[in-house]
Amino acid sequence: MAQGRYNRVVLKLSGEALAGNMGYGIDPSVIQSIAKQIQEVVELDVEVAVVVGGGNIWRGMAGSAKGMDRATADYMGMLATVMNGLALQDALETEGVPTRVQTSIEMRQVAEPYIRRRAIRHLEKKRVIIFAGGTGNPYFSTDTTAALRAAEIEAEVILMAKNNVDGVYSADPSVDPSARKYDQLSFLDVLKEGLAVMDSTASSLCMDNDIPLIVFSIMEEGNIKRAVSGDDIGTIVRGNQ
Ligand code: UDP
């Protein structure tokens, strides 16, 4: 299944990936090691756009389950992603990687607003772009943001970095020892089987726009580089197979 190197990728980093073993907040050593891995990829001349999650700080669903208005709780989640985005920018610039943060909710003092053509220009100039603030709309997720931005900037693939699992399994491998890891899948399988890869809105968007997804572990150093190089790691999910 090995294929050539990708030239433009969207890397989806969940909030959980930035929290490391702490499970919440931002672990500076973890974020620095992720920044190093991204720097290795930029050195290969690959254009990298990162979509950051916010679940390590706040999740809208959790807030609304405790009685908060869902839209308000979701806006708080979107703000959480901005904090993660700024932390990642700081770590990347420490590694000497020019980086721009763009937010879907305007906050001019801290980041640029999301402007598609400007984002593409940054990528062409080999700047890493961080998309923060999700889609800017409640009731969506940052997985859907990754699918949407990938379609908009014509990325060839979404790299979904996980910190607790190394691919897609038939069941939760931490609970069910008989869980089987898939090498490849279709988005239709993901939707039909209800596999916990990404939410159904995000899966449909990837399927409809034919954007492949690679799910892999970020805990193994060098894995982002392997993924962009087209090595067989993790699970690849495609539109049809
Ligand atoms: N969110 C939202 N709209 C978006 C993206 C995110 O409302 O387009 C909110 C939502 O409340 C979500 C939170 O931001 O729970 C954090 O994002 P997500 O759960 O996707 O982060 P991750 O699981 O990747 O850490």
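We count residues from 1, following the sequence as given. For ligands, and for the atoms within them, numbers begin at 1 and follow the listed sequence.
Residue Leu13 has no N or O atom closer than 3.5 Å to an N or O atom of ligand 1. Considering both main-chain and side-chain atoms, Thr135 comes within under 3.5 Å of ligand 1 through a nitrogen or oxygen pair. Between Arg59 and ligand 1, an N or O atom pair is found at a separation short of 3.5 Å. Ligand 1 has no N or O atom lying under 3.5 Å from any N or O atom of Gly133, backbone or side chain. Taking distance alone, with nitrogen or oxygen atoms compared against 3.5 Å, Met61 stays at or beyond that limit from ligand 1. Residue-to-ligand polar distances place Asn137 within reach of ligand 1: an N/O pair is separated by less than 3.5 Å. Ligand 1 has an N or O atom lying under 3.5 Å from an N or O atom of Phe140, backbone or side chain. At a 3.5 angstrom cut-off on N or O pairs, Lys12 counts as close to ligand 1. For Asp143, no nitrogen or oxygen atom sits less than 3.5 Å from a nitrogen or oxygen atom of ligand 1, counting backbone and side chain alike.
Remark: Glu154 does not engage Arg8 in a salt bridge, criterion side-chain N to carboxylate O under 4.0 Å.
Of the options Glu43, Gln37, Lys36, a side-chain hydrogen bond (donor to acceptor under 3.5 Å, both in side chains) to Gln39 is made by Glu43 and by none of the others.
Crowding of Met61 atom CE: a count of heavy atoms from other residues, nucleotides or ligands under 6.0 Å not exceeding 12.
Across Val51, Thr201, Leu18, Asp74, heavy-atom proximity to atom 7 (O) of ligand 1 is greatest for Asp74.
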